[in-house]
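Letters A, B, ... mirror the listed sequences (proteins, then strands); counts begin at 1. Note: hydrogens, waters and symmetry copies are ignored here, and every other heavy atom, side chains too, is used.
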Amino acid sequence: MKPSLVKGTRDFGPEQMSKRLFIFDTIRATFKRFGFLPLETPAMENLSTLTGKYGDEGDQLLFKILNSGDFAASIAPEVLATGSKAVLPKIAEKGLRYDLTVPFARYVVMNRHALALPFKRYQMQPVWRADRPQKGRYREFYQCDADVVGTDSLLCEAEIVLMVHEVMRNLGIQNFALKVNNRKILTGIAEAIGAPGMEGALAVAIDKLDKIGQEKVLDELRDRGFAESAITALLPMFTMQGTTEEVLNKLKSWLTQSETAQKGIAELEETLRLVAQYGLENPQIELDVTLARGLSYYTGAIFEVKALGVSIGSISGGGRYDNLTSAFGTSERLSGVGISFGVDRIYDVMEELSLFPADAGQGTTVLLVPFDAEGRSVALPLLNALRRAGVSAEMYPDLAKVKKMLDYANAKRIPYVVLIGSEEVQTGQLAVKNMLTGEQQKMTAEAVISFVQG
RNA sequence: GUGAUUGUAGCUCAGUUGGUUAGAGCGUCGGAUUGUGGUUCCGAAGGUCGCGGGUUCGAGCCCCGUCUUUCACCCCA
C-alpha cells in the first residue's frame with residue numbers, strides 16, 4: 001500500500017516548519033505586545049455550535065464527524081426513507097472548526113462569569129474547510145486570531161489597524177493594502193436603493209467589481225432578484241473613487257436618508273481619526289466600499305489584507321460582530337471585533353517574494369567532528385559548554401569518516417564545524433571551519449564558543 | 001457543488017502511428033581518498049508506468065470508471 005495524504009492537507013518538513021515558526025513567532029509577539037492572552041479550543045465542536053454562523057456556503061464547507069460506534073444502527077427505516085439530508089444530523093453531531101471566531105464566542109459565553117471584560121485573546125490553531133483545494137486554498141490551514149469581546153470602543157478597530165501594520169512590517173511584507181469598510185454602510189446602501197435586508201446578496205455581487213466589472217455586477221444583481229429601480233439607484237456606488245476623505249463625503253451625501261449608513265460612516269471616520277492619533281507612520285489603509293466578506297456574522301467594521309504583487313487571495317481578514325454570543329443564548333449583548341491572519345497564505349506570499357530572512361531556516365550552528373574516541377572525549381565537554389552558552393550544537397553520533405560528517409553538516413546547512421583529531425587533542429587548539437567560505441582556523445575550546453556566537 | 005487538467009525511479013521529466021528488455025538529469029549509496037565537504041571521475045541500487053476494468057495477438061500509449069494533482073468558477077485565509 002502506498003501512503004498518501006488526505007486531499008488538501010500537507011506535511012511540513014523541518015525547513016518549511018522553521019519558516020512557518022518565523023511567521024507564528026512574529027504574529028504572536030505582536031499579539032502579546034498588544035495585551036492579548038492565549039487560548040486554545042478543541043478541533044471538534046458540536047455541529048449546533050458551528051452551523052448557521054457562516055452562511056449557507058459556509059455550512060456546506062463544514063467537515064462533519066460521524067458519531068462513534070455503530071452510528072447507523074439507530075436510524076429508523078422511515079427516517080432513512082426520507083432521504084440523505086434527514087439522516088445526516090442523526091449520524092453526525094460533531095464537526096471540525098471552520099474558523100477560530102465562533103469557538104471563541106462559544107468559549108466566552110460558557111465562561112462569561114469568570115472573564116474580566118473586555119476580554120482579549122489570541123489563538124493560533126488549524127481550521128478545516130471542505131473546499132476544493134487550489135492556489136492558496138487548503139482544506140487544513142492555520143489561522144492566527146486576535147479578538148476583543150465586551151466593548152464597542154472603536155479603539156479596538158484602531159488597534160487592529162496598528163497590529164496589521166506591525167505584523168506585515170515585521171514579516172517583511174512591505175507592499176500590502178489594508179482594505180477597510182463597514183457592514184453598516186452596505187446595509188444602508190441596501191436600504192437606500194429600496195432593497196432592505198438584501199445586503200448579503202448585494203455584498204457578494206459588488207465584491208466582485210474589480211474582477212468582473214460594473215456591467216456583470218449589475219447582471220448578477222438582476223439574477224439575484226434586485227429590481228431595475230434598485231439597480232439604477234445603485235449607480236452612484238460606482239463613482240466612489242478618490243481619497244478616503246472624498247469617498248466618505250460622497251457616501252455621506254448619497255446616503256443621507258439612511259441612519260444605519262451614517263452610523264457606519266461615522267464609525268469609519270472615528271476609527272481613522274484614532275489611527276491618526278496613534279501616530280501610525282505611512283498607513284497603508286484603503287477604504288473599499290465594495291469590500292464585503294462572506295462570513296455572515298459581521299455587523300460593523302470589516303478588514304481585509306491583500307499582499308500586492310502576488311496573485312494570492314487575502315492573507316488576513318476580520319471585522320466586528322455584534323450578535324455572535326447571542327447566538328449561544330446570552331441575553332447580555334457582547335460585541336466583539338477581531339482579525340485573523342492566514343499563515344499558509346502568508347507563507348506562500350513570502351515564498352513567492354523571497355521575503356524569508358536567511359536565518360529563518362537555520363537549525364544547528366555548530367557540528368563537532370571528532371576523528372576518534374580520544375577526540376570525542378574532548379568534544380563532549382565542549383558540546384555541553386556550547387549548549388549552556390545557548391548555541392545550537394550537535395555531534396555526529398557515529399565515529400564515521402570525516403567526509404561523511406562534513407556531508408552531514410552540508411546537508412543540514414550547519415555553518416561551522418569543529419574538527420578534533422589527535423593533533424588538536426594534544427595542543428588543545430581546535431580547528432574551526434567555516435563551511436560557507438571554507439576558511440579554517442585554530443583556537444581553544446573556550447574561544448570556539450564566543451567565535452560561533454559572533 | 002460546476003468545468004477543465006495532471007499522474008512514468010526519491011525529485012524534475014523523456015518515452016514516436018499501440019510492438020519485444022521503459023530511459024535521462026538531479027539526488028541517494030559505495031569507491032577513487034585511513035585528517036577535510038560543497039568540484040571531478042568510476043560504479044551500484046532504485047519501476048505493480050496512480051488504481052480497477054475493457055479493447056487488442058500485443059497497452060506506459062486507446063476506451064470506461066475511480067482516486068490524486070493543479071487551475072478556473074462559487075466562496076474564502
For a quick check of understanding: with a heavy-atom distance under 4.0 Å over all strands, which category does A:Phe341 fall into, base, sugar-phosphate or nothing? nothing

d(CG, A:Asp407; P, B:G30) in whole Å: 9 Å

Quickly work out the A:Asn410 CG to B:U39 P distance and round it to whole Å. 9 Å

Looking across every strand, which nucleic acid part, if any, lies under 4.0 Å from A:Gly375 by heavy atom: base, sugar-phosphate, or nothing? nothing

C1'-based separation of B:C11 from B:G27 [nearest Å]: 7 Å

Residue A:Val402, side-chain atoms from C-beta onward, closest of B:G35, B:A77, B:C75: B:G35

Does A:Thr9 or A:Lys442 map to a spot on RNA chain B nearer the 5' end, using the closest nucleotide for each? A:Lys442

Using a 4.0 Å heavy-atom cut-off, does A:Ser4 contact any base of the nucleic acid, only the sugar-phosphate backbone, or nothing at all? nothing

Enclosure of A:Gln60 CD (heavy-atom neighbours >12, cutoff 6.0 Å): no

If you pin A:Lys135 and A:Gly317 to their nearest nucleotides in RNA chain B, which one's is more 5'? A:Lys135

Could you work out the separation of B:C67 and B:G52 based on their P atoms and round it to a whole Å? 15 Å

Which nucleotide in the list B:G30, B:A72, B:U36 gets nearest to the side chain of A:Gln134? B:A72

Could you tell me whether A:Arg183 and A:Glu199 make a salt bridge, using a distance below 4.0 angstrom between a side-chain N and a carboxylate O? no

Closest to the A:Leu406 side chain: B:G31, B:G37, B:C75? B:G37

Atom OH of A:Tyr408 and atom P of B:U28: how far apart are they, to the nearest Å? 15 Å

Considering only atom P, compute the distance from B:U5 to B:A9 and round it to an integer number of Å. 22 Å

From the set B:C71, B:A77, B:G35, return the single nucleotide nearest to any side-chain atom of A:Arg345. B:A77

Answer yes when A:Glu45 and A:Lys53 have at least one side-chain N-carboxylate O distance shorter than 4.0 Å, and no when they do not. no

Which nucleotide in B:G3, B:G35, B:C75 has an atom nearest any side-chain atom of A:Phe371: B:G35

Please give the distance between the P atoms of B:U8 and B:U69 as a whole number of Å. 13 Å

Measure from NZ on A:Lys403 to P on B:U40 and round the result to the nearest Å. 12 Å

When you check the gap from the basic side-chain N to the acidic O, do A:Arg10 and A:Glu140 get nearer than 4.0 Å? no

Quickly work out the A:Leu430 CG to B:G35 C1' distance and round it to whole Å. 14 Å

A:Trp128 has an atom CH2; how far is it from atom P of B:A77, in whole Å? 17 Å

For A:Glu423, report the nucleic acid contact type (base, sugar-phosphate, nothing); a contact means any heavy atom under 4.0 Å. base

Separation of the P atoms in B:G10 and B:U28, to the nearest angstrom: 15 Å

Rounded interatomic separation in angstrom, taking CG from A:Leu367 and P from B:G38: 16 Å

By the 4.0 Å heavy-atom rule, please label A:Glu424 as base, sugar-phosphate, or nothing. base

Do A:Asp348 and A:Arg345 sit within salt-bridge range, that is, some charged N less than 4.0 Å from a carboxylate O? no

From the options B:U2, B:G37, B:A77, select the nucleotide whose nearest atom is closest to the side chain of A:Arg132. B:U2

Report the C-alpha separation of A:Phe36 and A:Tyr122 in whole Å, then their side-chain angles, then the decisive distance to 0.1 Å, and conclude whether the ring-ring contact (aromatic ring centres under 6.0 Å, His included) test is met. CA-CA 6 Å; A:Phe36 291 83; A:Tyr122 74 87; 7.7 Å; no

Could you let me know what B:A24 is paired to, Watson-Crick or G-U wobble, both distances under 3.5 Å, or none if it's on its own? B:U12

Using the six-membered base ring of B:A77, report whether A:Phe141 stacks on it, requiring centroids under 5.5 Å and planes under 30° apart. yes

Write down the distance separating the C1' atoms in B:G60 and B:G23, rounded off to the nearest Å. 12 Å

Rounded P spacing from B:G37 to B:C71 in Å: 42 Å

Salt bridge check: are A:Glu394 and A:Lys412 linked by an N-O gap of less than 4.0 Å? yes

By the 4.0 Å heavy-atom rule, please label A:Gln440 as base, sugar-phosphate, or nothing. base

With heavy atoms under 4.0 Å as the rule, sort A:Gly438 into base, sugar-phosphate or nothing. base

With a cut-off of less than 4.0 Å, is there a side-chain N or O of A:Lys208 near OP1 or OP2 of B:C75? yes

How many angstroms lie between atom CG of A:Asn181 and atom CD1 of A:Ile206, to the nearest 0.5 angstrom? 8.0 Å

Sugar-phosphate only, base, or nothing, as touched by A:Leu419 at under 4.0 Å among non-hydrogen atoms: base

Would one find a side-chain N or O of A:Lys7 under 4.0 angstrom from OP1 or OP2 of B:U68? yes

C1' spacing across the pair B:C57 / B:G50, given as an integer number of angstrom: 27 Å

Give A:Leu436 one of three labels, base, sugar-phosphate or nothing, depending on what nucleic acid heavy atoms sit under 4.0 Å from its own. base

Have a look at A:Ser316 and say if it touches a base, only the backbone sugar-phosphate, or nothing, with a 4.0 Å heavy-atom cut-off. sugar-phosphate

Base, sugar-phosphate, or nothing: which does A:Arg97 touch, judged by heavy atoms less than 4.0 Å apart? nothing

d(CE, A:Met435; P, B:G38) in whole Å: 9 Å

